[in-house]
Amino acid sequence: MTVVAFSCARFTPADLNEFETVAEPKLRLGHWAGVIRETGREHDRLLVLLPGVDRPVFRFERDGRGRYSLSFNDRSGWYGIGSGGSAAECLSIWRPRPRTDRSVSVL
């Protein structure tokens, strides 16, 4: 039996599920127009399109070392806005933060 090693540059099914939990509500609510997947030998990328914008604005990527990065494109180029050793860690910037009770208690 021949076993083919899984490339470190490819998203795993768990990675894609993690991205889907972030993307689904944004797509459903119309905040995102679509997502394009771009795969190469040294990377696997998900490019996020916004309504009315003619180019990808966000890029979620796994590189050949298995590291994750999240970038923003402001027409001048790509700028890192997140990174991590897991998809969840990298995408945490897009996760809702728990609400904190800002009321002040007076005794």
Side-chain angles (χ1 to χ4, degrees):
M1 176 196 285
T2 303
V3 175
V4 178
F6 188 82
S7 170
C8 287
R10 296 286 300 211
F11 288 124
T12 67
D15 295 339
L16 295 172
N17 286 338
E18 192 68 37
F19 184 82
E20 175 65 22
T21 63
V22 171
E24 190 280 324
K26 294 180 183 310
L27 288 163
R28 181 175 31 83
L29 295 171
H31 300 180
W32 291 0
V35 177
I36 300 168
R37 188 169 184 178
E38 184 181 87
T39 303
R41 178 168 277 202
E42 294 299 318
H43 68 270
D44 201 357
R45 296 179 181 142
L46 296 171
L47 304 169
V48 176
L49 303 167
L50 299 182
V53 181
D54 62 350
R55 62 179 167 43
V57 176
F58 294 106
R59 178 179 69 199
F60 175 53
E61 179 175 13
R62 184 171 178 174
D63 67 20
R65 294 174 298 148
R67 295 284 303 167
Y68 299 85
S69 63
L70 183 61
S71 303
F72 172 75
N73 186 335
D74 71 352
R75 293 195 184 266
S76 298
W78 290 101
Y79 298 94
I81 59 172
S83 64
S86 71
E89 182 181 347
C90 184
L91 295 171
S92 66
I93 191 172
W94 281 337
R95 292 271 183 216
R97 294 195 175 122
R99 286 198 160 176
T100 59
D101 184 9
R102 297 195 178 202
S103 61
V104 177
S105 172
V106 179
L107 298 177

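Model, not experiment: these values are computed from the prediction.
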Taking all atoms of both residues into account, what is the closest heavy-atom pair of [X] and [Y], and its distance?
{"X": "Gly30", "Y": "Pro51", "result": "O-CG, 3.2 Å"}
{"X": "Arg62", "Y": "Arg10", "result": "NH1-O, 3.1 Å"}
{"X": "Tyr68", "Y": "Gly85", "result": "CE1-O, 3.5 Å"}
{"X": "Ala9", "Y": "Gly64", "result": "CB-CA, 3.7 Å"}

Quick check for you: to the nearest 0.5 Å, what is the distance between [X] atom [atom1] and [Y] atom [atom2]?
{"X": "Asp44", "Y": "Phe11", "atom1": "CG", "atom2": "CZ", "result": "5.0 Å"}
{"X": "Thr21", "Y": "Trp94", "atom1": "OG1", "atom2": "CH2", "result": "11.0 Å"}
{"X": "His43", "Y": "Ser7", "atom1": "NE2", "atom2": "OG", "result": "11.0 Å"}
{"X": "Glu89", "Y": "Arg67", "atom1": "CD", "atom2": "CZ", "result": "7.0 Å"}
{"X": "Thr39", "Y": "Arg45", "atom1": "OG1", "atom2": "CZ", "result": "9.5 Å"}

Under 3.5 Å donor-acceptor pairs involving side-chain atoms of residues 70-83, not counting sequence neighbours:
unit_1 : atom_1 : unit_2 : atom_2 : d
Asn73  : OD1    : Arg75  : N      : 2.8
Asp74  : OD1    : Ser76  : N      : 2.9

Self-check item: Greater than 12 external heavy atoms within 6.0 Å of Arg65's CZ
Solution: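 No, not enclosed.
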
Quiz item: With a cut-off of 6.0 Å (strictly less than), are more than 12 heavy atoms of other residues, nucleotides or ligands near CZ of Arg55?
Solution: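 For Arg55, atom CZ is crowded (more than 12 foreign heavy atoms under 6.0 Å).
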
If two hydrophobic side chains count as joined below 4.5 Å and joins carry through other members, does [X] share a cluster with [Y]?
{"X": "Ile36", "Y": "Val57", "answer": "no"}
{"X": "Leu47", "Y": "Trp32", "answer": "no"}
{"X": "Phe19", "Y": "Leu49", "answer": "no"}

Quiz item: Is there a donor-acceptor pair under 3.5 Å between the side chain of Asn17 and the backbone N or O of Ala14?
Solution: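 Side chain of Asn17 to backbone of Ala14, a donor-acceptor pair under 3.5 Å: no, none is there.
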
